Amino acid sequence: MFSIDEILFESPLVLAPLAGYSDLPFRLLCRRFGAGLVFSEMISCHGLVYRQKKTLHMLASSLEEQPLAIQLFGADPVMMGEAAAILNEFSPTFIDINMGCPVRKVTRRGAGSALMKDISLAEKILSAVIANSKVPVTVKTRAGVDSQNITAPEFARMCEDTGASAITIHGRTWAQGFSGKADWNIVRKVKKAVNIPVIGNGDIETYDQGVSRIEETGCNGIMIGRAALGNPWVFQKEGRPEHLEDILPAVRQHLQLMEEHLDTVRVLAYIRNHTGRYFRDFPGSSRLRKSIHDCESFPILKNLINSLE
Ligand SMILES: Cc1cc2nc3c(=O)[nH]c(=O)nc-3n(C[C@H](O)[C@H](O)[C@H](O)COP(=O)(O)O)c2cc1C
């Protein structure tokens, strides 16, 4: 059974941090559908230290979704330490540090993937977060900067030596962004290089694929991102039901969770986006997605989904 620092998970399948998607309602849904651990969207250490409203909003959480890893990003060890201290108030199960995001807005400030280029800064950040956190600290990173610089094994060793409790490896390089394929050989190499649990990530589309990757690489957990959108069944062996009528209860449950936890007026476009993702590959699904997109209020959207059978 997969565990991190003696915290045991019901499943080795993990919901990835997905900025703009992995909020409280979606995380709760994925836990209910079998994800063993869920990650928050990345949270800016500056936003947290300055207690910006938008950032604090992103920290909405509930006991039911635990185990939960809240992910921090930033490039300043002092700010990251302060942010970790503040996160203690929110009682996550883990604090994760983003050392793999390739988005320019993040890397141009030296955070995310850029930390793979500066291992000593990465170490200082990790030390500062560990020193201030009351819970185990984990790191999520990539294979390396580019194909000439596949540094994940030594990076993972640094994380272990500094005191990280687990590491997630997305098998792409910073240079790749989201193009090409994830290289799972690098996950195997990292697993050999360290004793802390390793979570492999990249391009997993089904439960069975995840289980095969564990067997092939020896990694402890599997993180799933894009394939979970509109598809929380990815955390179950049986996978997504074939018929529309069997999809609908999950969509209704997701809508209910969004209604409970979100401002349905302010984030209507976001809710339509999540909802539309359930309706792929059914007869008439493009028309249905258009109708979802055209809903002008949450009650209209809810009525539309409730009228389907
Ligand atoms: C829309 C989107 C948002 C993401 N946000 C984050 C994030 O906040 N933090 C992070 O570490 N990775 C983030 N990622 C990367 C994913 O966690 C994951 O590493 C990547 O999508 C590969 O896994 P997949 O093939 O299962 O999607 C994001 C990816 C996508 C597509």
Side-chain angles (χ1 to χ4, degrees), residues 12-24 26-27 30 35 37-45 47-48 54-55 58-59 68-75 80 83 92 94-107 109 111-116 122 125-126 129 137-144 152 155 159 164 166-174 176-184 186-187 190 198-214 217 219 221-235 270 273-274 276-277:
L13 300 191
V14 174
L15 173 67
L18 292 168
Y21 291 98
S22 60
D23 62 355
L24 172 60
F26 189 56
R27 296 194 307 261
C30 290
L37 165 67
V38 291
F39 276 62
S40 76
E41 318 176 49
M42 58 180 170
I43 306 282
S44 150
C45 68
L48 198 52
K54 203 175 142 212
T55 304
M58 290 167 81
L59 287 167
L68 162 73
I70 296 188
Q71 190 187 62
L72 279 179
F73 77 96
M80 286 292 276
F94 305 102
I95 294 179
D96 186 69
I97 308 177
N98 182 324
M99 298 196 180
C101 178
V103 173
R104 249 193 78 67
K105 199 174 80 181
V106 171
T107 56
R109 301 209 171 111
S113 272
L115 289 168
M116 294 187 294
I125 289 173
L126 179 55
V129 172
V137 175
T138 60
V139 171
K140 177 167 180 277
T141 186
R142 287 187 172 229
F155 198 86
C159 292
I167 185 153
T168 303
I169 302 293
H170 176 190
R172 283 189 177 81
T173 62
W174 176 10
Q176 272 182 299
F178 286 91
S179 65
K181 283 211 165 77
D183 176 5
W184 281 79
I186 192 67
V187 175
V190 170
V198 175
I199 302 173
N201 169 239
D203 303 336
I204 298 296
E205 291 190 348
T206 63
Y207 180 101
D208 284 343
Q209 261 179 27
V211 171
S212 303
R213 290 301 194 190
I214 291 178
T217 65
C219 71
I222 294 285
M223 178 180 276
I224 302 179
R226 290 164 294 180
L229 295 173
N231 180 24
W233 300 272
V234 75
F235 298 107
Y270 169 79
N273 178 345
H274 254 302
R277 288 176 179 272

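Owing to the predicted nature of the structure, the values given are computational and were not obtained by experimental measurement. Every number for a ligand or one of its atoms is a count from 1 in the order of the listing.
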Legend entry - Close side-chain approach of Thr168 and Thr138, heavy atoms under 4.5 Å: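 Side-chain contact under 4.5 Å: no.
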Legend entry - 4.5 Å side-chain heavy-atom contact, Met223 and Pro17: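 They are in side-chain contact.
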Inset, instruction - Can you spot which of Asp203, Asn201, Asp183 makes a side chain to side chain donor-acceptor pair (under 3.5 Å) with Arg172? - result: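 Testing each of Asp203, Asn201, Asp183 against Arg172, the sole residue satisfying side chain to side chain donor-acceptor pair (under 3.5 Å) is Asp203.
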Heavy atoms only, cut-off 4.0 Å: how does [X] contact ligand 1, side chain, backbone, both, or neither?
X: Asn98; answer: side chain
X: Lys140; answer: side chain
X: Met42; answer: both

Inset, instruction - Might you point out which heavy atoms bring Phe178 and His170 nearest each other, and give the distance in Å? - result: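 Scanning both residues, the minimum pair turns out to be CE2-CE1, 4.3 Å.
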Legend entry - Residue pair Pro102 / Trp174: nearest heavy atoms and the distance that separates them: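 For Pro102 versus Trp174, the nearest heavy atoms are CB-CD1, 3.7 Å.
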To check your reading of the model: name the closest protein heavy atom to [atom], its residue, and the distance in Å.
atom: atom 5 (N) of ligand 1; result: Ala19 N, 2.7 Å
atom: atom 19 (O) of ligand 1; result: Asn201 OD1, 2.6 Å
atom: atom 30 (C) of ligand 1; result: Leu18 CD2, 3.6 Å
atom: atom 26 (O) of ligand 1; result: Gly225 N, 2.8 Å
atom: atom 7 (C) of ligand 1; result: Pro17 O, 3.5 Å

Inset, instruction - Could you tell me whether ligand 1 has any atom less than 4.0 Å away from a heavy atom of Ala227? - result: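 Judged by the 4.0 Å heavy-atom criterion, Ala227 does not count as contacting ligand 1.
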Legend entry - Contact with ligand 1 for Phe178, non-hydrogen, under 4.0 angstrom: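 Heavy atoms of Phe178 do come under 4.0 Å of ligand 1.
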Legend entry - Atom indices of ligand 1 within 4.0 angstrom of Arg226 heavy atoms, with elements: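 This gives 21 (O), 24 (P), 25 (O), 26 (O), 27 (O), 31 (C) as the contact atoms.
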Legend entry - Atom indices of ligand 1 within 4.0 angstrom of Ala16 heavy atoms, with elements: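 Selected atoms, number and element: 17 (O).
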Between [X] and ligand 1, is there a nitrogen or oxygen pair with a distance under 3.5 Å?
X: Arg172; answer: no
X: Gln71; answer: yes
X: Met223; answer: no

Legend entry - Spacing of Leu59 atom CG and Glu41 atom CD [to the nearest 0.5 Å]: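 With rounding to 0.5 Å, CG (Leu59) is 10.0 Å from CD (Glu41).
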Inset, instruction - Find the distance between CE (Met99) and CG (Leu72) and round it off to the nearest 0.5 Å. - result: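 Reported to 0.5 Å precision, the distance equals 10.5 Å.
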Legend entry - Any donor-acceptor N/O pair, Arg142 side chain to Gly177 backbone, under 3.5 Å: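 Checking the backbone N and O of Gly177 against the side chain of Arg142, a donor-acceptor pair under 3.5 Å is found.
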Legend entry - Any donor-acceptor pair under 3.5 Å from Ser40 side chain to Gln71 backbone: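 Between the backbone of Gln71 and the side chain of Ser40 there is a qualifying donor-acceptor contact (under 3.5 Å).
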Inset, instruction - Name the orientation class of the two ring planes belonging to Tyr270 and Tyr21 (parallel below 30°, tilted from 30 to 60°, perpendicular beyond 60°). - result: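 Because their plane-to-plane angle lies in the 30° to 60° range, the rings of Tyr270 and Tyr21 count as tilted.
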